[in-house]
Enquirer: 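What follows is a single structure, and I will ask about it in a moment.
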2 protein chains.
Amino acid sequence: MTITQLYYVLAVAEHQNFTKAAEKCFVTQPTLSMQIQKLEDELDVQIFDRSKKPIELTDVGRKIVTQAKNIVNESYRIQDIVDQQKGFIGGEFKIGIIPTVMPTLLPMFLKTFIKKYPKIKLKIEELTTEEIISRINEGHLDAAIASTPLGNDNIKERVLYFEPFVGYIPNHHRLHKSGKIQIDDLEIDDMLLLEDGHCFRDGVINLCKAFKDHADDSFQLESGSIETLVKLSDEGLGMTLLPYLHTLNLNEKEKQNLHYFVEPAPAREVSIIYHKSELKMQIIEAIQSVISGIIRGAIAFENVQIISPVSK
Amino acid sequence: MTITQLYYVLAVAEHQNFTKAAEKCFVTQPTLSMQIQKLEDELDVQIFDRSKKPIELTDVGRKIVTQAKNIVNESYRIQDIVDQQKGFIGGEFKIGIIPTVMPTLLPMFLKTFIKKYPKIKLKIEELTTEEIISRINEGHLDAAIASTPLGNDNIKERVLYFEPFVGYIPNHHRLHKSGKIQIDDLEIDDMLLLEDGHCFRDGVINLCKAFKDHADDSFQLESGSIETLVKLSDEGLGMTLLPYLHTLNLNEKEKQNLHYFVEPAPAREVSIIYHKSELKMQIIEAIQSVISGIIRGAIAFENVQIISPVSK
DNA sequence: TGTTTCTATAAATTTTATTGATAGTTTTTA
DNA sequence: TAAAAACTATCAATAAAATTTATAGAAACA
């Protein structure tokens with residue numbers, strides 16, 4: 001039994017297809033067929049049920065795959081140990097970022113980061129929270145930046161910053177004249193919502209639930225939708241809440257529609273998240289430190305108080 | 001990187017000697033030299049410091065060895081999964097037994113066991129508790145039977161039985177005339193002790209500590225020493241305590257010197273112990289069930305009450 | 001200083017992994 | 001339902017690798 005064989009098994013299990021799996025492994029299809037057969041012979045058990053189309057795992061196969069993932073992952077950690085020893089921080093690193101964080105955080109972060117860690121090849125992908133979770137679990141993503149807490153046992157979280165929400169209230173709206181707004185002022189029916197599962201924290205948690213109950217009636221917006229949200233709001237479809245960093249990009253006219261919350265303002269918790277196996281922690285810590293440094297400057301104004309996160 | 005290479009590294013790390021390690025791996029010494037060099041080249045790091053004699057691990061080497069143990073162990077589990085699936089209970093199984101359990105338990109156990117599980121090749125070794133712990137941790141022992149609790153985080157325990165102690169009080173002794181004895185009757189100075197760290201449990205725990213404090217003054221007896229203990233006691237060197245199962249082998253005259261404790265009698269906890277990685281659990285469970293069955297018959301008499309074990 | 005013990009190296013050999021070509025199935029499509 | 005496409009297994013050839021025997025060289029030993 002070799003690590004390579006286990007790796008091949010994982011590839012076939014994932015793609016349910018020898019040919020595609022072979023491509024991903026950069027070998028030919030007979031290689032996979034033969035190596036997997038060899039492993040099956042050695043263990044004297046069928047890992048795949050080849051009678052089903054597409055190919056399926058047998059019951060033992062499923063258990064073997066779980067264990068194989070362990071072994072393959074643990075084998076990567078050997079290189080990790082060596083890197084750590086050498087103080088080498090580099091290599092390819094795949095990171096996912098949720099759409100509502102991507103456009104505000106990335107421009108600030110990227111330049112500083114690649115300057116400080118030129119040996120790391122970042123591969124950044126914009127993904128929904130759901131996609132992120134499954135890809136971290138599948139091992140296709142080294143880390144991600146998302147709104148937390150997720151409450152997923154396989155995924156660890158390190159809080160990067162708390163980003164307050166700011167009310168965006170257009171002309172005609174009943175709250176437009178008021179100064180600072182309060183959570184109690186909000187009404188679900190005239191609110192435009194973001195899709196990305198941003199949950200308010202602490203005392204505001206009930207509000208969040210109320211939102212969820214009404215989710216079907218509300219707008220569901222996808223990637224790059226914050227601009228659309230503002231436009232729709234301008235059109236009289238209701239007020240909305242913007243993550244603070246997005247308000248920095250508004251034009252002067254739009255900024256006049258901003259209403260800050262009385263403190264403590266509702267905020268979203270933005271974290272860097274990664275699989276519990278803690279691979280490539282040096283790089284994760286590097287990203288964390290760079291972002292924390294940047295954010296200390298960006299989110300530091302008086303009328304918002306940072307509330308500690310909910311512990312689930 | 002292959003599992004074989006990691007296995008070779010473990011062998012050299014253990015024996016601190018390429019030649020001996022090679023023998024244990026059933027390959028020639030150049031094979032180890034070359035494969036380990038290859039791994040070192042691939043990782044671009046020295047695992048062993050060959051300038052030291054005997055050979056030593058480097059700092060990274062130590063970390064790599066820890067991780068390599070993980071990987072190699074996890075790889076064994078694949079076979080475990082397959083065995084479990086097939087309901088196959090067999091293969092080689094190395095078990096250690098402490099000297100004071102060996103002669104009483106083994107004769108009762110062995111016949112039943114090999115009849116019920118003919119495919120398991122048991123390799124039984126008489127070892128001290130200390131030896132057992134280190135060998136389980138090194139992976140050279142699949143399980144062991146010892147007096148517990150050990151309080152070792154890497155080792156799991158499953159209680160097999162509680163074996164009461166019986167006082168052995170020769171003619172001349174001050175307690176000889178009394179009927180059932182009590183823990184408070186015992187005095188350290190006229191007691192002959194067993195080496196093997198049998199700790200009394202519960203309320204008797206202090207007594208145990210008192211024993212340990214005086215350990216230097218007392219007799220220290222090794223393997224097969226229970227007979228010696230009885231003989232020494234007969235010679236007037238003091239009373240002693242015998243594990244119940246040993247009393248069954250005494251001759252009639254010796255049996256007259258036995259004094260049972262008033263209940264609850266002090267007892268030792270005898271468990272099957274194994275590494276936390278839980279390899280070969282099917283076999284461990286098989287052994288556990290056979291022994292439990294046997295013991296239910298053997299230790300079932302009235303004047304002893306089993307006390308639940310101390311949780312450390 | 002000679003002897004022993006141990007590891008590294010070299011060349012030869014055996015074993016294993018991989019490939020390209022292709023045959024045999026099953027599924028898809030026209 | 002026949003033809004095409006997609007997919008896996010098998011075969012022989014080849015490339016790559018692990019292992020071995022033989023040996024050289026270094027360090028420890030006596």
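Throughout, protein chains are lettered first and strands after them, A, B, ... in sequence-line order, and every chain is numbered starting at 1. Values in this document were obtained by computation on a predicted structure and should not be read as measured data.
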Enquirer: Take the protein atom CZ of A:R50 and the nucleotide atom C1' of D:dA6, then report the distance between them rounded to whole Å.
Expert: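 The answer, rounded to whole Å, is 17 Å.
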Enquirer: So, are B:K123 and B:E92 salt-bridged, with charged N and O less than 4.0 Å apart?
Expert: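 A salt bridge links B:K123 with B:E92.
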Enquirer: What protein N or O atoms touch nucleotides 22-26 of chain C N or O atoms at under 3.5 angstrom, if any, and at what distances?
Expert:
none

Enquirer: Report yes if at least one side-chain N or O of A:Y7 is closer than 4.0 Å to OP1 or OP2 of C:dA17; otherwise report no.
Expert: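 False: A:Y7 side-chain N/O out of range (4.0 Å or more) of C:dA17 OP1/OP2.
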Enquirer: In residues 35-47 of chain A, which ones come under 4.0 Å of DNA chain C, going by heavy atoms?
Expert: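 Heavy-atom contacts with DNA chain C come from A:Q35, A:K38.
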Enquirer: Could you check whether any side-chain heavy atom of B:R50 comes within less than 4.5 Å of a side-chain heavy atom of B:F18, counting everything from C-beta outward?
Expert: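 Yes, close enough: below the 4.5 Å cut-off.
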Enquirer: I need the CD1-P distance between A:I55 and C:dT27, as an integer number of Å.
Expert: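 It is 12 Å, rounded to the nearest whole Å.
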Enquirer: Enter the inter-axis angle for the ends of the helix from C:dT1-D:dA30 to C:dA30-D:dT1 (five pairs per end, rounded to 10°).
Expert: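 Here the helix ends are tilted 30° relative to one another.
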Enquirer: Verify the distance criterion only: is there a donor paired with an acceptor across the side chains of B:Q29 and B:S33 at less than 3.5 Å?
Expert: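 There is such a pair between these side chains.
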Enquirer: Figure out the NE2/P separation between A:H15 and D:dT8, and round it to whole Å.
Expert: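 Going from A:H15 (NE2) to D:dT8 (P), I get 12 Å.
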Enquirer: May I ask you to say whether B:E23 pairs ionically with B:K20, meaning some side-chain N is under 4.0 Å from a carboxylate O?
Expert: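 Between B:K20 and B:E23 there is no salt bridge, as every charged N stays at least 4.0 Å from the carboxylate O atoms.
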Enquirer: Could you give the CG-to-C1' distance, from A:L32 to D:dA9, as a whole number of Å?
Expert: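 After rounding, the reported distance stands at 13 Å.
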Enquirer: Between B:T19 and A:M34, just flag the one whose closest nucleotide in DNA chain C comes earlier from the 5' side.
Expert: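 Closer to the 5' end of DNA chain C: B:T19.
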Enquirer: Take A:E278 and A:K156 through the salt bridge (charged side-chain N to carboxylate O under 4.0 Å, His left out) test and state the conclusion after the steps.
Expert: CA-CA 8 Å; A:E278 301 205 350; A:K156 293 198 172 184; 2.8 Å; yes
Enquirer: Is there a side-chain polar atom (N or O) of B:S33 under 4.0 Å from OP1 or OP2 of C:dT7?
Expert: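 No, no such contact exists.
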Enquirer: Side chains of A:H140 and A:E125: is there a donor and an acceptor less than 3.5 Å apart?
Expert: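 Judged by distance alone, the side chains do not pair up.
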Enquirer: Just to confirm, is there a sub-4.0 Å distance from OP1 or OP2 of D:dA6 to any side-chain nitrogen or oxygen of A:N17?
Expert: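 No.
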Enquirer: Does B:T28 have a side-chain nitrogen or oxygen under 4.0 Å from the phosphate oxygens OP1 or OP2 of D:dT20?
Expert: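 The answer is yes; a side-chain N or O of B:T28 sits under 4.0 Å from OP1 or OP2.
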Enquirer: Go through the steps for B:T58 and B:V45 under the test side-chain contact (heavy atoms from CB on, under 4.5 Å), then give the verdict.
Expert: CA-CA 9 Å; B:T58 60; B:V45 81; over 6 Å; no
Enquirer: Quick one: NZ on A:K63 to CD on B:Q85, what's the gap to the nearest 0.5 Å?
Expert: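 Those atoms lie 5.5 Å apart.
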Enquirer: Could you pull out the closest heavy-atom pair between B:F113 and B:A286, with the gap in Å?
Expert: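 Nearest heavy atoms, B:F113 then B:A286: CE1-C, 4.1 Å.
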Enquirer: Starting at the 5' end of DNA chain C and moving along, which residue's nearest nucleotide shows up first, A:Q5 or A:K52?
Expert: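 The residue whose closest nucleotide sits nearer the 5' end is A:Q5.
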Enquirer: How many whole angstroms separate atom CD of B:Q16 from atom P of C:dT5?
Expert: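 Distance, rounded to whole Å: 18 Å.
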Enquirer: So, A:D41 versus A:Q37: side-chain donor-acceptor pair below 3.5 Å or not?
Expert: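 The answer is no; no qualifying pair exists.
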Enquirer: Expressed as a whole number of angstroms, how long is the span from A:Y8:OH to C:dA17:P?
Expert: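 For the pair A:Y8 OH and C:dA17 P, the rounded distance is 9 Å.
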Enquirer: Over all strands shown, is A:F48 touching base, sugar-phosphate only, or nothing at heavy-atom distances under 4.0 angstrom?
Expert: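 Result for A:F48 = nothing.
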